[in-house]
There are 2 protein chains.
Amino acid sequence: MKGYLWSATPGPGGAPLAHLARWETVAVDAVGNVIEFWGFKRNQGRVWAFLYLRDAAFTAAEIEKELELSKGGVSMLVRDLERWGVIVRVRSPGDASWRYRAETDLMKMARQVIEEREFAFIARIRLDLDEALRLAESARANKESIRRLKRMGQLAEATERALKLFLRTSQLDVKGMFGVFAARS
Amino acid sequence: MKGYLWSATPGPGGAPLAHLARWETVAVDAVGNVIEFWGFKRNQGRVWAFLYLRDAAFTAAEIEKELELSKGGVSMLVRDLERWGVIVRVRSPGDASWRYRAETDLMKMARQVIEEREFAFIARIRLDLDEALRLAESARANKESIRRLKRMGQLAEATERALKLFLRTSQLDVKGMFGVFAARS
DNA sequence: TCTATAGTTCAAGCGGTCTTGAACTTCATG
DNA sequence: CATGAAGTTCAAGACCGCTTGAACTATAGA
């Protein structure tokens, strides 16, 4: 007695028949796309966007139905979002199930994970390049090769610096929401 | 009569037995990782790094052998790299085959593609959110929903701004770093 | 022109990630 | 404690992009 009405026919045109308003679907998917761009799962973004837009607490079953996800999927998605602190889990008094509510801006999640995951990644690359340099020197590689190796290291360094700046900026952007940057391009 | 000696046994430990020096392998793979991080193919980075480190022109067959790639793969990889202008194709007088040589810094390629691909992507997302906003307004959605929709738009905007800043910075980094490009454009 | 080698293309295979759904565990309630 | 719904886990499978390799085309040299 679950949501068979909903999961029954996705339809040939691919049009979802969940009862989200059209504008909600569009917005929710757009957020899914942004967040995917930042290296997260599209559906993490969709779940957060749904909760954020509705500005209310929903059960996993409701999320499952509205966004046409699987039970297991919702369980994992809300766990991730909760761990990152962008949604909270609340238990209503007379209710048998947990409800979820959007808490903070999604950017928080992006910053957090980028800090952990991406910096570790770049650090690893720099270590590799350092090792290559040491090996090259002890192998008496020619001068030009060593010069170029160093240059490669700087490529990674530039990446890391850019990433840091990027994080710092995104933080400022969200805080100082209105102002400064005029619509360009 | 190809490179059977090389492709024969990758070995259980995964150690490649091509005759790149150890330090070259490490460096080449590190560059492959950075570039993958930027959304390119790992092997595009490896090919460029190989050519750049050796500072000489190599044939496709040589690249294929040294980096343990397939013939078709090398063909496509060098085509991409050439299109982005980070390697050049030269024909030696008495030689039957083309040779490839690293031309510019890889960062050039990153900047170029990020400009085209990623900005288009974000632009698309912003259009979607704009549409959602219009739809929501004509559907007389409640005030708070509309407020939150606008906020989502700013998330995409922040992303776009961060990306721009990122590009600008990487450019500055490279210029200042290597001094290759004279003063200002 | 003919032949051999270089170079290109793309369908099929491979590998990695995301999602599903059923079995299982936990929990609120009677 | 018994029951059923809520919630979790994870193996199997869907999905997607990258790589391979064989067929094909182009080109240099005889």
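Keep in mind that the numbers below use all heavy atoms, side chains included, and drop hydrogens, waters and symmetry copies. So you know, we letter chains A, B, ... as the sequences are listed, proteins then strands, and number each from 1.
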**Report entry** Partner set under ring-ring contact (aromatic ring centres under 6.0 Å, His included) for B:Trp84, not counting sequence neighbours
**Finding:** B:Phe40
Report task. For the pair A:Asp128 and A:Arg124, find out whether any cationic side-chain nitrogen is under 4.0 Å from an anionic carboxylate oxygen. Result -> yes
Query raised in the report: Near DNA chain C, under 4.0 Å by heavy atom, which residues of residues 48-55 of chain B?
Result: none
Report task. Check side chain to side chain contact (heavy atoms under 4.5 Å, CB included) between B:Phe58 and all other residues, then give those that pass, not counting sequence neighbours. Result -> B:Phe50, B:Leu51, B:Arg54, B:Ala56, B:Glu62, B:Ile63
Query raised in the report: B:Phe40 has an atom CZ; how far is it from atom P of D:dG17, in whole Å?
Result: 16 Å
Query raised in the report: So, do B:Phe37 and A:Ile125 sit near enough that their side-chain heavy atoms are less than 4.5 Å apart?
Result: no
Query - d(CG, A:Asp80; P, D:dG7) in whole Å - result: 16 Å
Query raised in the report: Given that both pair distances must be under 3.5 Å and the pair must be Watson-Crick or G-U, what runs of three or more consecutive pairs involve DNA chain D?
Result: C:1-30 with D:1-30
Query raised in the report: Over how many whole Å does the gap from B:Glu62 atom CD to C:dT5 atom P extend?
Result: 16 Å
Query - Length of the NZ-C1' vector between A:Lys41 and D:dA14, whole Å - result: 15 Å
Requested in this report: Report the residue (A:Met76 or A:Arg99) whose heavy-atom-nearest nucleotide on DNA chain D is the more 5′ of the two.
Outcome: A:Arg99
Provide a list of protein-nucleic acid N or O atom pairs under 3.5 angstrom, restricted to nucleotides 23-30 of chain D.
none

Requested in this report: Round to a whole Å and report the spacing from CZ of A:Arg42 to P of C:dT19.
Outcome: 9 Å
Report summary line: From CD1 of B:Ile35 across to P of D:dC18 the rounded distance in Å is 14 Å
Query - Sugar-phosphate only, base, or nothing, as touched by B:Arg79 at under 4.0 Å among non-hydrogen atoms - result: sugar-phosphate
Query raised in the report: Side-chain contact, heavy-atom cut-off 4.5 Å: A:Asn43 with A:Leu67?
Result: no
**Report entry** Heavy-atom pair with the smallest gap, counting every atom of A:Ala136 and A:Leu149
**Finding:** CB-CD1, 3.8 Å
Query raised in the report: Is there a side-chain contact between B:Tyr52 and B:Val86 (heavy atoms, below 4.5 Å)?
Result: no
Requested in this report: For the side chain of A:Ser75, starting at C-beta, report the closest nucleotide among C:dT9, C:dG21, D:dT8.
Outcome: D:dT8
**Report entry** Salt-bridge present (A:Arg147, A:Glu144; N to O < 4.0 Å)
**Finding:** yes
Requested in this report: Considering only NZ, NE, NH1 and NH2 on the basic side and carboxylate oxygens on the acidic side, decide whether B:Asp105 and B:Lys108 come within less than 4.0 Å.
Outcome: no
**Report entry** Spacing between B:Arg46 atom CZ and D:dC18 atom C1', to the nearest angstrom
**Finding:** 13 Å
Query - Note, B:Val47 side chain near B:Val74 side chain (heavy atom, < 4.5 Å) - result: no
Query raised in the report: When we call it a touch if two heavy atoms are under 4.0 Å apart, what does A:Ser97 touch: a base, just sugar-phosphate, or nothing?
Result: sugar-phosphate
Query raised in the report: For D:dT19, does OP1 or OP2 lie under 4.0 Å from any side-chain N or O of B:Asn43?
Result: yes
Report task. Find the distance A:Ile87:CD1 to D:dG7:C1' and express it as a whole number of Å. Result -> 14 Å
**Report entry** Partner set under ring-ring contact (aromatic ring centres under 6.0 Å, His included) for B:Tyr100, not counting sequence neighbours
**Finding:** none
Report task. Remember a base hit wins even if backbone is also touched, and classify A:Arg89 as base, sugar-phosphate or nothing at under 4.0 Å, heavy atoms. Result -> sugar-phosphate
Query raised in the report: Side chains of B:Val34 and B:Leu106: does their closest heavy-atom pair fall under 4.5 Å?
Result: no
